[in-house]
Amino acid sequence: MAKKYALLVDLRKCVGCTSCQVSCKMENKAPLGNFRSKVDIADVGDFPKPKRYYFPKICNQCDEAPCVLPCPTKATYKDKNGVVMVNRDLCIGCGRCVSACPYGARYLHPYIVVKNDPAKYAKDVKEVRGKKAEDLRVVDKCDFCSHRLAAGIEEPACVRNCMGRARVFGDLNDQNSEISKAVKALKPDVWHPEYGTKPLVFILAPEKEVFRAADGNINI
Amino acid sequence: MEITRRSLLKYAGVLGGLAALQKSGLMSLKHLSPAEAEAVEKAMGQYEVKYSADCMCPSECGLEFWVKDGKVHKIYGNPHVPFNDGIVCAKGASGIQLIYSPDRLKYPMIRTGERGSGKFKRVSWNEAIDYIGKKLIEIKKKYGPESVIMDTGDVTDRDQYWRLFLAYGTPNVVEHGSICDTPRRHGPKLIVGGKRWEPDIMRPVYVRQPDGSLKKDMSYKTKLIIYCGWNPFVATRIMYENRGTVGARVENGCKFFVIDPSYSNTASLADKWVAPRPGTDNDIFAAMLRYILENDNQNDPKKKYIDWGFKKYSKGWDDFEKAFKSWWNKKDPINGLDYFSVEWAAERAGISKDDIIELAHTFGITKPAALVWGMQSPGHHYNGYCGSILGVALNVITGNFDAPGGIIDTEIMKWSKGGKGRLFSWVENKNFLDRVVKRTIDGKEVEGKQSELNKDHYGSKYPAAWDDVVGDYPEFFEGKEVQIRYGPFRGYKYPIKAYILRTGNSVISGSATWKWREAMTAKDTKGNYKLELSVFIDTLNLESALYADVILPEASYAERVSWSDIYPPMPLGYLRDAVIKPMHESKNPTEIMNLIAKKLYDLGDKDIKPGDFWERYKDEDTFATDLILGTPGKPNIGTPLPYPQYPEGYILRGTPESLEKGNVKIDHQKKEVVGEQVTPAWLRKNHGVAIWPMSWYRYKWTTKDEPHKIWPPTDSKLIEFVWDYKDGDNRKGRYSKYNVLIEKAGGEAPEGIKKIGFNKFPETFYWFETVWNPYTNPEYKKYAKDYPFQLITGRIHHAMTGTQMVPWLGEIKAEGLWQPLNEEFEAEIPEGMPAGNDPMKTVKRRFKKNTFSVGTIWMNSEDAKRLGLKTGDLVIAENPLGKSTKGKVFVSGGIRPGVVKIAFGSGGRFSPGLGVAYKSKDYTPDCNNLIDPNALSPIMGQSAYADMIIRIKKA
């Protein structure tokens, strides 16, 4: 049976160290200013009762991913294990998927040049009309470290290095996996469930205020 | 390409849900394209995994490097190392940007302009070593080798430099401890011969089972931790305190409280946050102890705080208690209340009585518990010793010392490291410091040991400074002479003429930055620098490099072989390995040591013997092995007994493998069990780590509740609450030898303790006040009105002043101290490359305003409102000495009113080698510029980084 990869972030154990964010940079080399993984930190409240919230975010690998349909070249797709992928050979850098993601999980990568000839799509995709491939950039996003998954390492870098041991990753199709048991037992939330995107990234939030206070997009 | 919520709705309408998606064919089962998949698998297979140890901060976690074609591509934690159990923090993960930084030192340089001007010329290694060698020979002839200071700065794998300069003949070799947190360590050293008290939350530990097997134990037993002045979630010094604290809470219902004037990350998850006035941790601990002593009731389970069983394993408690209680009826001159009463502490600390009672009662009644005190506080306070002593006392009398889930002294069960490799001459067959040397004092020739010329241990000011004193170097660079007043060389004086600094940045953080800049450039009447030689050895191009005459590029932490320096609860050691070759023209410490040694030898220095350097140390591994001869060197003690097959109490030596298998020789005379020597080669075959079994209650026999007097390492081998006592004809206790020195000097009291009215070192409990605190020390009351803010400091996700050139660490926020408030700037930075052979490429990037983190001044929102300030406003912070620094404020409710916090090294970085941090130097604060360079704590001479008051005004 195919897998259904998912991630749980346990905010009882998140210490706001941002290792997930930087480990992702180390692993996947997103350029400065762009993120596949980002920690939002919010300081609210007055002395003597302030609060600080930590909200680590990555692409939610939505079951109903709004970024998939707008792609004019079928570069964006949800793979057999549930990971929302980008085929860099097909992407023409139009940016429609970037706009479509309500979480800001995507960005155009300044160092990865488009390979696919945009001229083929110029008629329907005004964003690339009159542009050459070398002028356009491929979209990038968290893919659960698919290169590690492909090598049999079922552990994205952010999970591997998490200082508080707050992240659980695995296969939801396996009832005995740690993540399946955790999701069942802890009943975690997801980010903006009302979008209907059905995220596969779960957040165990003892204080729901974190969703409001630290709500920023991953990429601005 | 704006991302809006509306975009979602636009597409969602078209989407029609999951069904529509599936129909579109886009939910295909296609994986990567075949070409991509093949490329991925090929790439993954080409990595070589190498184990090593981090250096991005003193935590020195075990790392797993992935190397391809001689380049580091990935960094993870080493999962075999219990200290960090496979995890790594943001700093560790970002190490690639330091290794491949365009700003790192690449080749030797010699200064061509004035010190501080940054004018250098590139030279060959030969030329640089020649310069250094000739100067050292000249200085030795003119002033004696003791006039040379070898300061091995902040990074701990410094043994080659100690060895070299001890052989050269100076006793003045120091390491980072001098400017770290000596008051914090003081209590543990006095009382148990130790250093760092940490909660028993390092998991896994390996525990001997009744059937003889070793079990990997992941269970947390702790029920309460109180962190005072300590922020493990950000200042990750003891890495297991992160996952351990939240793990103990989630899995074992452990509570934790935080005492900190600022709302640190650790405070943000705590069950209780108490925000006292800075400099009052001693007061809180004293009140806790008084409360416990006054309210303990052995017959009431709700008040049975004290476990009197500790007395059997200790000495002098009655004297200590008596001295402590002698203060109870004295009235504090500022508030008129009885010392150490709850009311007194509440008034001084500016917190409620209820808070203090809750701290005391909860700590007393919850078992097992750990009271942990920190580097910033009391470690950076002038009077931090008092708090450190009280903290130890509190943990001991409540029965938590070395109890499962309690508190562990993580120094005294460390594997032994250093020893002969660092200190011993193989040729002379003695420690270098034991060499007999002669000096002429008032026309008479006097003989003594090389050690007895030490600037501090026999000097006029801080003879008890067992970690040496760095904070007072400026006055010696400016021409003051070292005065030896104790020991056989009493009356001898000498100047300081050379300063060799390795992996440290004392110009910024030795004490006050402005003072060091003045001192390093002080000239005599002829226009020559008083400090005749200044050398800087490092990978990083820090501010201190600007003041060097010669710069030597050292191999980075990924390019050399050494040992990590860590604080685990039982013997544990792991290798730092050269996972790639030294980059550019850098050389590893063994090679640098040999080059300088050979040069000195060739120039005629008779104190340098080839058999102590290049003839013996032909490679790094040999030197590394010399440092751990006979390791772990710790006794087979505690419950459960680590090796039941060997006699209890015998010293264990050798690899865990050989000890486990019984490949040992037992020496009943020496009481040793000797297995196979641990070597780098053995470690490389064992995931880079050596782990020995954990045990508890190590102060008593396993077979009976009696002290075995093998451990802890004090004079009596008991927990000592008295520090100068008679044992027959002998004087014993940690302070006794200094008092003997004083007596032999006719009662001449050291200048340091004279400042607090002591004529000798105390026999037991003592108390004195801190400096620059208008609320606890009457001397400073007059400043309260004009300087209404107490300044405190601490760490962010950087290693003090050493890593701020790493761009990935500028993309994160830390509390109120490191926030995206930059002005627009352009910089050449190492950028990660997603494909290709080079993990990093240097590119020019433009950073838009308010997108990149810079050091900020953290201020309370009510205070800010009153001053008309908001986040991002530029202010000037000024102290009563007329020194100031500039920075932007970050305003929040997360810091006590009347307190301002600035992180070490976060601003005012004036070396171009700091890359991105250099760009913000004009609007970011240097907290070190504000401290008082004369406020050196009286016993250890440590700079009082946390004692200062300031005023703030808009810039």
Side-chain angles (χ1 to χ4, degrees), chain A residues 2 12-13 15-19 21-23 25-33 39 41 43 45-48 50-52 63-64 66 68-70 74 77-80 85 87 89 95 98-102 104 108-109 111-112 146-147 150-151 157 160-165 195-196 217 219, chain B residues 1-3 5 7-8 11-12 14-15 17-18 21 24 26-33 37 40-41 44 74-77 87-90 93-94 96 233 242-243 246-247 250 263 265 268-269 275 797 807-808 811-813 829 831-834 845 851 860-862 892-897:
Chain A
R12 298 174 304 172
K13 292 186 171 184
V15 298
C17 75
T18 72
S19 180
Q21 177 179 317
V22 180
S23 292
K25 288 261 166 158
M26 173 279 298
E27 184 70 38
N28 297 297
K29 316 290 195 303
L32 276 178
V39 182
I41 301 179
D43 275 89
D46 296 318
F47 184 85
K51 282 221 77 76
R52 183 175 301 128
D63 247 351
E64 297 201 14
V68 171
L69 212 67
K74 298 197 200 316
Y77 62 98
K78 199 156 162 71
D79 83 358
K80 68 179 190 298
M85 302 284 291
N87 186 334
D89 295 337
V98 176
S99 304
C101 174
L108 295 177
H109 200 306
Y111 303 133
I112 308 179
S146 279
H147 57 287
R160 172 68 197 271
N161 284 346
C162 173
M163 217 164 75
R165 287 233 176 285
Y195 291 166
N217 277 354
N219 288 281
Chain B
M1 231 83 56
E2 223 189 60
I3 299 156
R5 301 291 188 259
S7 314
L8 162 69
Y11 288 115
V14 177
L15 217 62
L18 187 62
L21 256 181
S24 70
L26 288 166
M27 293 284 285
S28 86
L29 302 182
K30 180 171 162 301
H31 196 41
L32 297 165
S33 72
V40 161
E41 281 186 33
M44 296 295 280
K74 315 279 185 196
I75 300 180
Y76 311 106
I87 59 158
V88 72
C89 74
S94 73
I96 302 180
F233 292 3
N242 297 289
R243 68 187 192 279
V246 294
V250 169
Y263 188 65
N265 279 17
S268 76
L269 273 104
H797 299 291
W808 285 336
E811 293 191 301
I812 60 183
K813 296 200 273 194
I829 49 107
E831 179 77 285
M833 289 293 121
R845 284 288 300 242
T851 60
N860 171 278
S861 37
E862 288 304 307
S892 86
I895 186 164
R896 187 191 162 91

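Predicted, not measured: the structure shown is a model, and the values here were computed from it.
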* Which distance, rounded to the nearest 0.5 Å, do you find between the OG1 of A:Thr18 and the CG of B:Asn265? -> 9.0 Å
* To do: Starting at CD of A:Gln21, measure out to CH2 of B:Trp808 and round the result to the nearest 0.5 Å.
  => 11.5 Å
* **B:Tyr76 vs A:Glu27 side-chain heavy atoms within contact, under 4.5 Å** => yes
* Structure fact -> Closest heavy-atom pair, A:Asn28 versus B:Pro834, reported as atoms and distance to 0.1 Å, is O-CB, 4.1 Å
* Structure fact -> Turns out that what part of B:Val250 lies under 4.5 Å from chain A's heavy atoms comes down to side chain
* To do: Would you name the heavy atoms of B:Lys74 and A:Lys29 that are closest together and state the gap between them?
  => NZ-NZ, 4.5 Å
* **Side chain, backbone, both or neither of B:Glu811 within contact of chain A (heavy atoms, under 4.5 Å)** => both
* Structure fact -> A:Gly164 and B:Val246 have their tightest heavy-atom pair at O-CG2, 3.8 Å
* Asked: B:Lys813 side chain to A:Ile41 main-chain N or O, any donor-acceptor pair under 3.5 Å?
  -> yes
* Asked: Considering all heavy atoms of both residues, which atom of A:Lys51 and which atom of B:Tyr263 are nearest to each other, and what is their separation?
  -> CA-OH, 3.3 Å
* Asked: Looking at A:Ser23, A:Ser19, A:Gly16, which makes the most heavy-atom pairs under 4.5 Å with chain B?
  -> A:Ser19
* Part of B:Ile895 within contact of chain A (heavy atom distance under 4.5 Å) -> backbone
* **A:Cys162, part contacting chain B, at a heavy-atom distance under 4.5 Å** => backbone
* Side chain A:Arg160, main chain B:Gly77, donor-acceptor under 3.5 Å -> yes
* Asked: Under 3.5 Å, is there a donor-acceptor pair between the side chain of B:Arg845 and the main chain of A:Leu32?
  -> yes
* Structure fact -> Tightest non-hydrogen contact, residues A:Phe47 and B:Arg896, listed as CE1-CA, 3.5 Å
* Picking from A:Gly33, A:Cys17, A:Gly45, A:Ala30, which has the most non-hydrogen pairs under 4.5 angstrom with chain B? -> A:Cys17
* In terms of heavy-atom pairs under 4.5 Å, which option from B:Pro897, B:Ser94, B:Ser861, B:Ser892 contacts chain A the most? -> B:Pro897
* Structure fact -> Heavy atoms of B:Ser268 and A:Arg52 approach each other most closely as CB-CB, 4.0 Å
* Asked: Which atoms of A:Pro48 come close to chain B, meaning under 4.5 Å heavy atom to heavy atom: side chain ones, backbone ones, both, or neither?
  -> backbone
* Asked: Taking every heavy-atom pair that is under 4.5 Å apart, which of B:Leu269, B:Thr851, B:Ile96 has the most such pairs with chain A?
  -> B:Leu269
